[in-house]
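Report on the structure given below.
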Amino acid sequence: MNKAEKKRILDFAYNVLHGLFNDEKIDVPESDLRMGVFVTLRKKGSLRGCIGYMQGICPLYEMIRLLVRDAATCDYRFPPVEESELKDISIEISLLTPMRKIKSLDEFTLGKDGLMMNVRGWRAVFLPSVAEETGWDEKTFFEQLSLKAGLGKDAYLDEDASFEIFQAEVIA
């Protein structure tokens, strides 16, 4: 996406976030684009909410509208964002490439690829940026992904484990 498109997306996301508190109706721009999207909210640099879909379930701007709202109000790890916090909230939008099944974790590149793991119905995903943000090495990344799935830290080694990789274009 070019710079103007990225700015338009980010401006829209901020308008949606602020609109949650002033009953302002936000017009959703038309778009034929459908892709996986994650919306991450940070308050003074710390995670404040993150919600996403791996595939585009609706047009891009409608996805962003839904995900901004959900990241602000429905991330179970945090209480809903309050209006008084808005001045300290930054938004990051991750536009995802299609998922690609891999046969081996040797095909995964730390810091470049995001990873979704599935072990007998237990799933977890990390965006590509998680590696840089945490400073984890590859083994720690896989262990933390296993724990996030609600499994033991070595679940990624399970013979039933399957993996999909993707990349993300981050707009912040």
Side-chain angles (χ1 to χ4, degrees), residues 1-2 5-6 9-10 13 17 31 33-78 81 89-172:
M1 294 203 167
N2 67 40
E5 291 168 321
K6 289 178 182 179
I9 286 171
L10 203 53
L17 181 62
S31 174
L33 269 177
R34 287 179 183 250
M35 64 183 62
V37 177
F38 270 74
V39 170
T40 303
L41 305 180
R42 297 189 190 283
K43 181 178 177 182
K44 296 182 178 180
S46 295
L47 184 63
R48 184 62 180 83
C50 183
I51 302 280
Y53 284 97
M54 301 309 296
Q55 285 106 15
I57 60 169
C58 57
L60 178 62
Y61 282 93
E62 183 62 24
M63 281 276 285
I64 291 169
R65 185 186 70 76
L66 293 170
L67 293 172
V68 167
R69 182 198 67 207
D70 288 353
T73 63
C74 298
D75 188 329
Y76 68 90
R77 299 170 293 181
F78 304 98
V81 169
I89 300 279
S90 62
I91 300 175
E92 181 178 288
I93 311 266
S94 297
L95 305 176
L96 309 184
T97 62
M99 306 283 288
R100 181 173 64 86
K101 193 167 182 78
I102 58 174
K103 294 179 182 175
S104 162
L105 285 173
D106 293 337
E107 298 177 60
F108 169 80
T109 304
L110 187 68
K112 175 185 172 229
D113 297 325
L115 186 65
M116 177 184 279
M117 178 183 74
N118 186 335
V119 183
R120 293 182 301 282
W122 295 87
R123 298 170 75 155
V125 64
F126 279 147
L127 294 172
S129 58
V130 169
E132 182 180 325
E133 292 167 4
T134 60
W136 293 336
D137 61 17
E138 202 170 77
K139 182 176 188 242
T140 304
F141 185 91
F142 299 149
E143 290 174 346
Q144 291 298 314
L145 187 63
S146 297
L147 293 171
K148 184 178 181 187
L151 302 167
K153 71 177 186 173
D154 293 330
Y156 72 97
L157 299 171
D158 190 295
E159 65 183 25
D160 291 329
S162 64
F163 303 94
E164 293 179 77
I165 60 173
F166 59 94
Q167 291 78 46
E169 180 174 7
V170 178
I171 302 170

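Every value quoted in this text rests on a predicted model; they were computed, and no experiment measured them.
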Determine whether [X] and [Y] make a side-chain contact, defined as any pair of heavy atoms from C-beta on separated by less than 4.5 Å.
X	Y	result
Phe78	Leu47	yes
Trp136	Glu143	no
Lys148	Met117	no
Val170	Ile93	no
Phe38	Val125	yes
Glu169	Ser94	no
Val130	Leu115	no
Pro128	Phe166	yes

query: Tell me, which pairs form a salt bridge (Lys or Arg N to Asp or Glu O under 4.0 Å) where one or both residues lie in residues 106-117, sequence neighbours left out?
result: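 Of all non-adjacent pairs touching residues 106-117, those that pass salt bridge (Lys or Arg N to Asp or Glu O under 4.0 Å) are Arg100-Glu107.
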query: What about Phe141 and Phe126, are their ring centers closer than 6.0 Å?
result: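 Under 6.0 Å, so yes.
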What's the shortest heavy-atom distance between [X] and [Y], and which atoms?
X	Y	answer
Leu33	Met35	CD2-CE, 3.8 Å
Met1	Lys6	O-CE, 3.3 Å
Ile64	Ala13	CG2-CB, 4.1 Å
Leu110	Asp137	CD2-C, 3.8 Å
Tyr156	Ser146	N-OG, 3.1 Å
Cys58	Leu66	SG-CD1, 4.0 Å

How long is the span from the [atom1] atom in [X] to the [atom2] atom in [Y], to the nearest 0.5 Å?
X	Y	atom1	atom2	answer
Glu92	Leu41	CD	CG	10.0 Å
Asn118	Asp160	CG	CG	9.5 Å
Met116	Ile102	CE	CD1	12.5 Å
Ser162	Arg120	OG	CZ	11.0 Å
Arg69	Cys74	CZ	SG	6.5 Å

Is a donor on one side and an acceptor on the other found under 3.5 Å between the side chain of [X] and the backbone of [Y]?
X	Y	value
Asp75	Cys50	yes
Arg34	Ile57	yes
Ser31	Tyr61	no
Glu132	Ser129	no

task: Inspect the surroundings of CZ in Arg42 and state if more than 12 heavy atoms from other residues, nucleotides or ligands are less than 6.0 Å away.
output: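 Counting neighbours around CZ of Arg42, more than 12 heavy atoms of other residues, nucleotides or ligands fall under 6.0 Å, so yes.
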field: Audit row: Asp70, Val39, side-chain contact (heavy atoms from CB on, under 4.5 Å) steps and yes/no
entry: CA-CA 9 Å; Asp70 288 353; Val39 170; over 6 Å; no
field: Single hit among Leu96, Leu67, Val37 for side chain to side chain contact (heavy atoms under 4.5 Å, CB included) with Tyr53
entry: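 Among Leu96, Leu67, Val37, the one that satisfies the side chain to side chain contact (heavy atoms under 4.5 Å, CB included) with Tyr53 is Leu67.
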